[in-house]
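Since we're looking at a predicted model, the values are computed, not measured. Numbering of residues begins at 1 and proceeds along the displayed sequence. Remember, it's 1-based here, ligands and their atoms both numbered in the order they're listed.
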Amino acid sequence: MSKDKVQIFDTTLRDGEQVPGCKLNTEQKLVIAKRLDLLGVDVIEAGFPASSPGDFNSVVEISKLVKNATVCALTRANKKDIEAAAQALQYAVKPRIHTGIGTSDSHIKHKFNSTREQIIERAIDAVAYAKSFVDDVEFYAEDAGRTDNEFLAKVCEEVIKVGATVLNIPDTTGYCLPEEYGAKIKYLKENVKGIENVTLSCHCHNDLGLATANSIAGVQNGARQIECTINGIGERAGNTALEEVVMIMKQHPYLNLDTNINTKLLHSTSQLVQQSMGISVQPNKAVVGENAFAHSSGIHQDGVIKNRQTYEIINPLDIGLTESLIVLTARSGRAALAYRAKNIGYELTKDQLDIVYPQFLNYADIKKEVNDDDIHQIIDNSKIFMSRKVSA
Ligand code: KIV
Ligand code: ZN
């Protein structure tokens, strides 16, 4: 049975770039946009053209550069923003305007000092106006995560009537639980007239660490687009991490969902974004962290050396790494030491390992991590070889 495609909408250059201190210049954005296109994302949210002349220019240049992905520009629900987006997208092969407004009672009261009825009017006007420039118009119901489902359904139905092609249901504050977010998507699928003609999109923030889980709950309940960023960067605690949702769908075939992402480019793309933005991901970051394929305890190392799958559910080759790492620490066992020694040219017998291993442990108790130079030194000091035994 063929799998359903989930569109990957990358917002590294818009929501991701909202991280304090991560401002990119146009040159840097072009390098990332080119890589995202190569990676196979379906949509690149290139920026918010009305926000600054620099962002406007970046959207223009990205529109000229990108050949495969849809290029999207963000607006608020007003004419000036929509005109700026349309103008900035004029060179895009596949342009999309992303417009919308807050729909939760909190946003309606505190941000807009408005009413539900007026918000629906503004949403309709914005989508209709955007539609006069481009065919592909995505509507976002900001703070949909905390919006009453019945009202949200009403807003969605009205914007579909005036031509919205994609409905973005953002959990703007990262508040929802996966069950709740999934149920929201299901409710919309079942209660909005015309929903079968549009794509429902998940846009989840990570304030409670649930962005990835919520996005997956969304697609399990019928959404077919996920909005995400490389390394999960974004406002506050960030957005859904692209590499996480893509690998979840790849590693769980029963979900019957697929993406167009070339996963072999995930690691290098993560590195590119870390370097350009000057933000390193934590070592234990899922999929792309430095330790995501590193094994340091003796029990795990022994298992992985016997068969990688004992402690790895992702093949490192699938994300563009060449191998898993066997890290030597004071928690490592003989198997790991023998394995690493062999990699640098020493085929240790059991008796030799009996001599070297206690010396290795003394070394590892002092040094946090034992590297190849250290192994050479430990073996030299042990005097078990007159010269190197095997060549690597
Ligand atoms: O989080 C959010 O609600 C957004 C919208 C502007 C799409 O980023
Ligand atoms: Zn967002």
Side-chain angles (χ1 to χ4, degrees), residues 7-20 22 41-52 55 59 70-78 80-82 84-85 96-108 110-112 119 122-123 126-127 130 136-148 151-152 155-156 159 164-176 180-181 184-185 188 198-212 214-215 218 223 225-242 244-245:
Q7 306 279 300
I8 296 295
F9 174 117
D10 182 278
T11 183
T12 305
L13 298 176
R14 198 280 295 170
D15 223 337
E17 209 232 7
Q18 290 175 206
V19 175
C22 277
V41 307
D42 301 282
V43 186
I44 296 173
E45 187 160 54
F48 178 8
S51 67
S52 75
D55 224 35
V59 177
T70 292
V71 179
C72 177
L74 186 81
T75 83
R76 290 163 295 189
N78 68 55
K80 189 180 121 303
D81 277 21
I82 293 168
R96 176 184 294 178
I97 293 179
H98 189 190
T99 189
I101 195 161
T103 53
S104 66
D105 288 335
S106 161
H107 278 222
I108 294 173
H110 302 298
K111 254 179 82 170
F112 302 113
I119 290 296
R122 288 180 64 177
V127 171
D136 193 3
V137 176
E138 174 167 339
F139 173 78
Y140 64 85
E142 196 179 10
D143 205 15
R146 293 187 299 172
T147 300
D148 157 54
F151 177 61
L152 186 59
V155 178
C156 289
V159 296
T165 47
V166 181
L167 298 181
N168 178 8
I169 310 301
D171 184 21
T172 305
T173 57
Y175 178 72
C176 287
E180 194 182 355
Y181 189 75
K184 190 174 283 287
I185 297 293
L188 296 175
V198 302
T199 303
L200 271 172
S201 183
C202 311
H203 178 116
C204 299
H205 279 266
N206 205 31
D207 300 65
L208 291 170
L210 290 171
T212 292
N214 283 343
S215 298
Q225 178 176 280
I226 293 180
E227 309 197 1
C228 45
T229 60
I230 301 293
N231 302 331
I233 55 162
E235 282 272 351
R236 307 181 310 280
N239 289 60
T240 302
L242 181 149
E244 293 176 13
V245 285

Colleague: Check whether any heavy atom of R14 sits under 4.0 Å from an atom of ligand 1.
Modeller: yes

Colleague: Any salt bridge linking R96 with E45? Criterion: basic side-chain nitrogen under 4.0 Å from a carboxylate oxygen.
Modeller: no

Colleague: Give the minimum heavy-atom separation between G102 and F112, together with the two atoms involved.
Modeller: N-CE1, 3.6 Å

Colleague: Within the 4.0 Å heavy-atom shell around P170, which atoms of ligand 1 are there?
Modeller: 2 (C), 3 (O)

Colleague: Could you check whether T147 and T103, counting side-chain N and O atoms only, form a donor-acceptor pair closer than 3.5 Å?
Modeller: yes

Colleague: Looking at atom 4 (C) of ligand 1, what's its closest protein heavy atom, distance included?
Modeller: H203 NE2, 3.5 Å

Colleague: Using distance alone, with no hydrogens and no angle criterion, decide if S215 and T240 have a side-chain donor and acceptor under 3.5 Å apart.
Modeller: yes

Colleague: Report yes or no: do D143 and S104 form a side-chain donor-acceptor pair below 3.5 Å?
Modeller: yes

Colleague: May I ask you to list the atoms of ligand 1 that are less than 4.0 angstrom from any heavy atom of E142?
Modeller: 3 (O)

Colleague: With nothing but distance in play, are any N or O atoms of N168 less than 3.5 Å from an N or O of ligand 1?
Modeller: no

Colleague: When you measure from atom 1 (O) of ligand 1 to every protein heavy atom, which one gives the shortest distance, and what is it?
Modeller: H205 NE2, 3.0 Å

Colleague: Would you say CZ of F151 has more than 12 non-hydrogen atoms from neighbouring residues, nucleotides or ligands within 6.0 angstrom?
Modeller: yes

Colleague: Check whether any N or O atom of D15, backbone or side chain, sits under 3.5 Å from an N or O atom of ligand 1, and answer yes or no.
Modeller: yes

Colleague: Is there a donor in the side chain of E227 and an acceptor in the side chain of N239, or the other way round, less than 3.5 Å apart?
Modeller: no

Colleague: Exactly one of F9, F48, F139 should register a ring pair (Phe, Tyr, Trp, His ring centres under 6.0 Å) with H98. Which one does?
Modeller: F9

Colleague: Got the closest protein heavy atom to atom 3 (O) of ligand 1, with its distance?
Modeller: T172 OG1, 2.7 Å

Colleague: Can T165 and D136 be counted as having a side-chain donor-acceptor contact under 3.5 angstrom?
Modeller: yes

Colleague: Among side-chain atoms of H205 and D15, is any donor-acceptor pair under 3.5 angstrom?
Modeller: yes

Colleague: At a cut-off of 2.8 Å, what protein N/O/S atoms sit near the Zn ion (ligand 2)?
Modeller: D15 OD2, H203 NE2, H205 NE2

